[in-house]
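Right, one structure below, let's go through it.
Model, not experiment: these values are computed from the prediction. Numbering starts at 1 and runs along the sequence shown.
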Amino acid sequence: MIPRVYMTEERFVEEVKKGEMPHKTYEDYKASVDKLFDELDNEVDEEEEK
């Protein structure tokens with residue numbers, strides 16, 4: 001399992017202000033990150049089964 005690391009909400013707001021974030025809310029950002037980590041976890045699990 002890959003440890004899940006998120007940027008802080010304060011950092012998220014800074015990135016949004018710079019125009020660097022495609023996500024509109026911190027919750028959307030976290031959901032997107034969770035989806036990515038889920039996909040990576042599945043890939044790691046498949047490789048370990050081989």
Side-chain angles (χ1 to χ4, degrees):
M1 176 167 211
I2 299 170
R4 295 184 182 213
V5 180
Y6 306 93
M7 73 173 76
T8 64
E9 194 163 357
E10 293 81 15
R11 176 67 187 264
F12 174 81
V13 170
E14 289 174 16
E15 296 298 320
V16 168
K17 287 178 183 176
K18 288 193 243 176
E20 299 291 324
M21 274 291 159
H23 311 291
K24 300 293 183 211
T25 67
Y26 188 69
E27 290 76 22
D28 288 344
Y29 155 74
K30 284 188 73 174
S32 177
V33 172
D34 282 336
K35 181 179 177 185
L36 176 62
F37 276 121
D38 289 343
E39 291 172 9
L40 291 172
D41 279 341
N42 288 337
E43 287 180 19
V44 168
D45 290 343
E46 290 172 4
E47 289 178 12
E48 288 177 351
E49 290 176 2
K50 291 181 182 180

* Asked: Between CE of M7 and OH of Y29, what distance do you get to the nearest 0.5 Å?
  -> 4.0 Å
* Please round to the nearest 0.5 Å and tell me the distance separating atom CG of D34 and atom CD of E39. => 11.5 Å
* Minimum heavy-atom distance V33-V5, with the two atoms named -> CG1-O, 4.3 Å
* Structure fact -> Residues Y26 and F12: closest non-hydrogen pair is N-CE2, 3.4 Å
* Asked: Quick one: do E27 and K30 make a salt bridge, cutoff under 4.0 Å?
  -> no
* To do: Verify the neighbour count for atom CZ of R11: are there more than 12 heavy atoms of other residues, nucleotides or ligands below 6.0 Å?
  => no
* What's the shortest heavy-atom distance between V16 and H23, and which atoms? -> CG2-O, 4.2 Å
* Any side-chain heavy atom of R4 sitting closer than 4.5 Å to one from D38? -> yes
